[in-house]
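One structure is given below, encoded as structure tokens.
Residue numbering restarts at 1 for every chain, and letters A, B, ... go by the order of the sequence lines. In what follows, every heavy atom counts, from backbone to side chain, and hydrogens, waters and symmetry copies are set aside.
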Amino acid sequence: MLLLVGFNTRGFVLSLARFDNILAIKTQDGRVVGFHAVNLQVARLDEQVWTALEDPSQVRNDVKAEVLEWNAERDPEVTDGRAPNGIRTLSVNVAQICNMRCSYCAAGGDGTYGARGSKTAHIDLEKFKAQMRMLLDRVPDGGKFTINFIGGEPLIYPKTIQAIADDAREWATPRDLKLRFEITTNATLVTPEIAEMLADLRAFVTVSIDGPPETNDLDRKLASGKGSSALALQGVERLLVVQDRLGALACNAVFGAHNTDVVGSWNFLRQYPWDMIYLGYAAGPDDAVYSPRYAQGLATVAARAFEIGGEAELRRISQFDHLFRILDGKSRIHNHCGAGKTLLQVDTSGKFYACNWWTNVKEEEVGEDLTLDKAALEKFAPSLIELNNCGSCWARHVCGGGCMFVNRLRTGDKHRKDTEFCNRTRHIIARGIEYYEQSRYEHGQGD
Amino acid sequence: MSNRVMNTDKETDVKYIKKVTANPAKAATAQDNSKAGVKANSSADKAAPKAYGMPCLPQHSD
Ligand code: SF4
């Protein structure tokens, strides 16, 4: 006998029904879209399949048979996207100070991660170089390695960034290692010279900016108390001059209790020729209120983007590009990110953490100087779907098990899932699947 | 090939579930596609399958 379960997700304008591996999504224009959670296949479903999932007694046996057949099917082309073995990304707090005071800052509001007055504003360069070389030495010849500059505001110390890059290149060249440099910056300190330096590094630059000045200046203020938009946008203009020589130029807007106007922000940000637009969410204590608003806002943005420019415009938004890549690439995801597996964070004093949001969190230290705590790192080795007990969640092979930082913040345990995180993640993925179905169904292969 | 039903041996039978066809070419090149995605650093980058979900910052995504 079929066991069919139908449900609506709490607080969202989203209709879902599910049977085992099969999820059905009722779209606002009345289509029914199917998603196979293991095969990562997407399908257009007959209304009768929806009925079958809600109330199997109402439909003919051949409908049920087709559902069962698809449910049991395994696509041999779908592979498992496994993390490579060993650390491939080193994220570094170049500075633990900032020239800004954002209201929702994950680094303590001033870039210090709560360590105000400490002597660690600037990275210990020699110590860091030794750590970087140690990790580069572990990468096989010809392999890839990413160095990610964050802060505080990393561009407070551009010479340090140049010195690190020079040293990495010197160390990597004889072994033909492929280096990639990334930086997250508020852009307020970008001079023409700094833009040129970033172009020379072929850096992947992400600018933190929340939207139009009237929004951005409310929460992203300079240390002086003035809004940061004028300076940030000047920096953006300077980066646009060298955009063709950058790895990419992206923006990252952050939503949360301070701002849920995703539509307003996107309307402003999309006017700039970013290679990618990140519209992220900063988890907080009142997520039951704000997280659904954010998810709904992002869904509205997706609808408008798709209407304006189809797949290309939708895929300028990172979450949707990512989803399309996973579905087209037929690769099951097992990890939300590489924290502790392929990614390490190192702070200005030379302490290692698995995640870049855990700087200064003593319990999450996984090493210091040239010593990595093997036992601590081994705990990160299993897949996040396993570690976070995602079980049979339909979104698991797209989501990859969720964010340990958000879990820790919201539930006190990095492996205990946060319901609001799951709700908004599934909402965004379900919406994305609708547009994927529309793009691939209507245009077909090779379009 | 629009509206293609993938389990070809059953093409005539399948009526209620029409699978859409994934387009691996778009997965491989999306990030390289004009301004539709992040430009790749090298050909190796372009072809790399995704290993991670939907992380907080771009650096965690490859
Ligand atoms: S949505 Fe939640 S349960 Fe599902 S995979 Fe992500 S973290 Fe796990």
**Request:** May I ask you to decide if B:Ile17's main-chain N or O and A:Glu66's side chain share a donor-acceptor pair within less than 3.5 Å?
**Result:** yes

**Request:** Please report the closest heavy-atom contact between B:Tyr52 and A:Ile333, naming both atoms and the distance.
**Result:** C-CG2, 3.4 Å

**Request:** Against chain B, label A:Leu327 side chain, backbone, both or neither, depending on which of its atoms sit under 4.5 Å from a heavy atom there.
**Result:** backbone

**Request:** For the residue pair B:Tyr16 and A:Asp62, establish whether any side-chain heavy-atom pair is separated by less than 4.5 Å.
**Result:** yes

**Fill in**
Heavy-atom closest pair (B:Ala22 atom, A:Lys330 atom, distance to 0.1 Å) is CB-CE, 3.7 Å

**Asked** Is a donor on one side and an acceptor on the other found under 3.5 Å between the side chain of B:Asn23 and the backbone of A:Asp328?
**Response** no

**Asked** What part of A:Val42 is in contact with chain B, defined as an atom under 4.5 angstrom from a non-hydrogen atom: side chain, backbone, both or neither?
**Response** both

